[in-house]
There are 2 protein chains.
Amino acid sequence: MTRPGSRSGTTMNDVAAAAGVSQATVSLVLNEAAGTRFSEETRRRVHAAAHELGYRTNAHAKVLRDGVAGMIGFVGDFVATAPFAGKIIEGAQARAWEAGLLLLTVNTGGDKALEAASLETMLSYKVAGVVYAAMYHRVLEVPDVLAEVPAVVLNSRDRSGRFPSIAPEEELGGYTAAKRLLDAGHRRIAMINIGAVDGELPAAVGRYAGYLRALKEAGVHPDPGLHRIGDGHESGGFDNALALMTGPQPPTAIFCANDRTAWGTFQAVAQLGLSIPHDVSLVGFDNQETLAPHLRPGLTTLELPFLEMGRRAVELLLGGAERDGSTEYFECPLVERDSVAAPSKATSSH
Amino acid sequence: MTRPGSRSGTTMNDVAAAAGVSQATVSLVLNEAAGTRFSEETRRRVHAAAHELGYRTNAHAKVLRDGVAGMIGFVGDFVATAPFAGKIIEGAQARAWEAGLLLLTVNTGGDKALEAASLETMLSYKVAGVVYAAMYHRVLEVPDVLAEVPAVVLNSRDRSGRFPSIAPEEELGGYTAAKRLLDAGHRRIAMINIGAVDGELPAAVGRYAGYLRALKEAGVHPDPGLHRIGDGHESGGFDNALALMTGPQPPTAIFCANDRTAWGTFQAVAQLGLSIPHDVSLVGFDNQETLAPHLRPGLTTLELPFLEMGRRAVELLLGGAERDGSTEYFECPLVERDSVAAPSKATSSH
DNA sequence: GGGACCGGGTTATACGAATTACCAGCCCGG
DNA sequence: CCGGGCTGGTAATTCGTATAACCCGGTCCC
């Protein structure tokens, strides 16, 4: 069964010996080096021998000589294991592969020691660059050691401003969501946020700012009681939606700052015997593929363009050069489904 | 800002020059090679110089000399991007890191050409082994090239029997699920499967077999009408649950062969105005973390032990040696939540 | 006082591929 | 008959590390 030479370790010297030529000839022929001339017969023999022996180039020897490896480091906090962020890796990997590069992946789980150690290891492997990715959009500290290679911060922003960053355009997303509901005719539009708007959660801050802007632009005075702080999970949506819908003046529409929150809202609405979108319209955020399309009715939401963001991160790495610490923002497109309708006439307090 | 020597490329020779010793001395001191003796003063100078210059070993040079790299290849079809299988990578990576190894990850998205090419690249990097992972449990063809290194099939089984495989114990899982419902007092127990039981879907086949075994053991004659073939998605659960619950003799309990199917069932049950677990009890499968705990009521389900399976795969690789093509099965523990209760007295046809 | 031994290092080589410089033979022109 | 150019290659060097082999000066012991 074992093909001849399939045991690890066939080198160019072996091929050279089998073909009756020198190692240099093998190298030149196999790499089709420019400006060299070998007879057809020699090329044939070299290729035949290489094939016969199952020759495979030793990447380490090559890197040692050439200086840079065909690998890109990808370190994330939870990206690899997060249920929805897989696309971010998929995009990065796809772009890397187009350039013939492989991804050396580590997800640290937030462990700083592991992070430091794996970065060291990556650098010792002479990676062509490092993508430093975060599961959710925030402002973070980038390890100093990344200054030694091309590095890009993905789905977050570098506090120090040393590295280029890639992040979703939260404010525009929030604006688009609210505008969609306004355009449908709603005026009492609640927002269940995924965290406080004071701090370092650009998603919460930005989406809220966009929501406010859309309201103001439409001449709607925002009711502070309609903005609620959830926790980003299903339960945050459930509890807040329950409170909103059983309050004195329930909203006719709710913008949930992420899809999980929207899901909780679905469950609360169902529990109250109300229906979506008849009694209340909903817009989510994230377009989480395991959730948004499968809710009944399907959830209208904004898509986080993770695939493109991942691609772009690697693209920036490959481009090299610039290295300014500016942030590139990605627009989140609206994905229409069936959770938005015009408000019903009766402004019932159920 | 740039620390001295932080420019890539400090070698042992630089350190040696700075410390006034030979390159060999640097190597021996830094690696604390056994059986060598250097004065405290020399060691100090070497360490100081290495630190000062920001020396970092060149992994490629080391691998070239030593023959084997500190990397493990991980190739999966969709594992990296699947919403629930992240744990499988997390486990593999954790175990690898304990051995000081990094994961070289590729998810092929089912593209055989990409798969072949990335395996070639991985082998050229002299990976210590390869984990060949699948998103869902099936019997698959393993590329021949993997015979050249230690390799393990993860979350699937190798058809050829050449490689050790790791898979969940489906039959026992199905048995446990059904038994949980039987123990609660149910007799009319439906199963919504995730695919046909004729073919190459061990999850569908095994879980069904376990379900049948539990029924028979309890003296319950299985009603063929209660076994329905879904598609593994939410809609498969929804449609089939609707059909079951509106049929002439609805079941008092349903075993859904995965959590997404269970979710669809939740939505169907809600639509019918029924409640879980009062009108019908449910057991799922997968313990999908974004789903099962957040349903209302929480879903009782079986957990796929992906973390342990991932760990074990790397463990087998590191162990080396054996290399028989046997399959190691992992038990799926029951996770109790609140979707199971005793059947209500009234055998209402709703 | 001469060999054995030990502390404290150094020299040289190998790993596998890429690349530069060179070389041998042949043909051709003048 | 000598030099130049072309064809078809080869020899030697480089990358950075690990390690086996060796070396030198001083002690100790008989």
Side-chain angles (χ1 to χ4, degrees), chain A residues 5 7-47 49-50 53-70 100 120-121 123-128, chain B residues 5 7-47 49-50 53-70 120-121 123-127:
Chain A
R7 282 245 49 72
S8 177
T10 311
T11 85
M12 273 196 176
N13 290 302
D14 302 335
V15 175
V21 298
S22 72
Q23 175 263 328
T25 300
V26 176
S27 174
L28 293 170
V29 167
L30 292 184
N31 294 315
E32 294 169 340
T36 53
R37 49 285 144 93
F38 290 100
S39 69
E40 268 315 309
E41 168 60 12
T42 299
R43 309 175 101 84
R44 207 194 45 70
R45 288 220 315 282
V46 167
H47 281 119
L53 296 171
Y55 171 75
R56 176 155 43 227
T57 188
N58 180 320
H60 299 286
K62 185 179 206 137
V63 172
L64 180 56
R65 177 126 216 298
D66 300 354
V68 116
E120 280 300 315
T121 307
L123 291 183
S124 81
Y125 273 106
K126 303 278 177 223
V127 290
Chain B
R7 282 243 50 70
S8 178
T10 312
T11 83
M12 272 194 176
N13 289 303
D14 303 335
V15 175
V21 297
S22 72
Q23 175 265 328
T25 300
V26 175
S27 174
L28 293 170
V29 167
L30 291 184
N31 294 315
E32 295 170 340
T36 54
R37 49 285 142 92
F38 289 100
S39 70
E40 267 317 307
E41 170 59 13
T42 299
R43 308 175 101 85
R44 206 193 47 69
R45 287 219 315 282
V46 168
H47 281 118
L53 296 171
Y55 171 74
R56 177 157 40 228
T57 187
N58 181 321
H60 299 287
K62 184 177 205 139
V63 173
L64 180 56
R65 176 118 218 297
D66 299 355
V68 114
E120 281 299 317
T121 307
L123 292 182
S124 82
Y125 273 108
K126 304 282 177 218
V127 291

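Values below: every heavy atom of this structure, side chains too, minus hydrogens, waters and symmetry copies. Numbers restart at 1 for each chain; the letters A, B, ... are given by sequence-line order, proteins then strands.
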Using the salt bridge (Lys or Arg N to Asp or Glu O under 4.0 Å) rule, collect all pairs that involve residues 13-38 of chain B, keeping only residues at least two apart or in two chains.
-> none

Nearest atoms (heavy-atom pairs only) where A:Thr10 meets A:Leu53 = OG1-O, 3.3 Å

Those residues that, when tested against A:Ser22, pass side-chain hydrogen bond (donor to acceptor under 3.5 Å, both in side chains) (two or more places apart) | A:Thr25

What closest approach, in Å, do B:Arg43 and B:Phe38 show between heavy atoms, and which atom pair accounts for it?
-> NH1-O, 3.2 Å

Sequence neighbours excluded, the answer for side-chain hydrogen bond (donor to acceptor under 3.5 Å, both in side chains) partners of B:Thr42 is B:Ser39

Can you name the residues that form a salt bridge (charged side-chain N to carboxylate O under 4.0 Å, His left out) with B:Glu41, not counting sequence neighbours?
-> B:Arg44, B:Arg45

May I have the list of side-chain donor-acceptor pairs in residues 58-65 of chain A shorter than 3.5 Å, sequence neighbours left out?
residue : atom : partner  : partner atom : Å
A:Asn58 : OD1  : A:His60  : N            : 2.8
A:Asn58 : OD1  : A:Ala61  : N            : 3.1
A:His60 : ND1  : B:His60  : ND1          : 2.9
A:His60 : NE2  : B:Tyr125 : O            : 2.7

Can you give one letter per nucleotide of nucleotides 11-24 of chain D, going 5' to 3': B for a protein heavy atom under 4.0 Å from the base, S for sugar-phosphate only, - for none?
-> BB-BBBBBB-----

Who pairs with B:Asn13 by side-chain contact (heavy atoms from CB on, under 4.5 Å), at least two apart in sequence or on another chain?
-> B:Thr11, B:Gln23

Inter-end axis angle, the helix from C:dG1-D:dC30 to C:dG30-D:dC1, with every axis fitted to five base pairs (rounded, 10 degrees) | 80°

Contact boundaries of DNA chain C with chain B (under 4.0 Å, heavy atoms), 5' to 3'?
-> C:dG7 to C:dG16

Partners of A:Leu123 by side-chain contact (heavy atoms from CB on, under 4.5 Å), sequence neighbours excluded?
-> A:Val127, A:Val145, A:Glu148, A:Val149, B:Arg56

Touch class at under 4.0 angstrom, heavy-atom based, for A:Val21 against every strand present | sugar-phosphate

Which atoms form the tightest heavy-atom contact between A:Ala50 and A:Val15, and what is the distance?
-> N-CG1, 3.8 Å

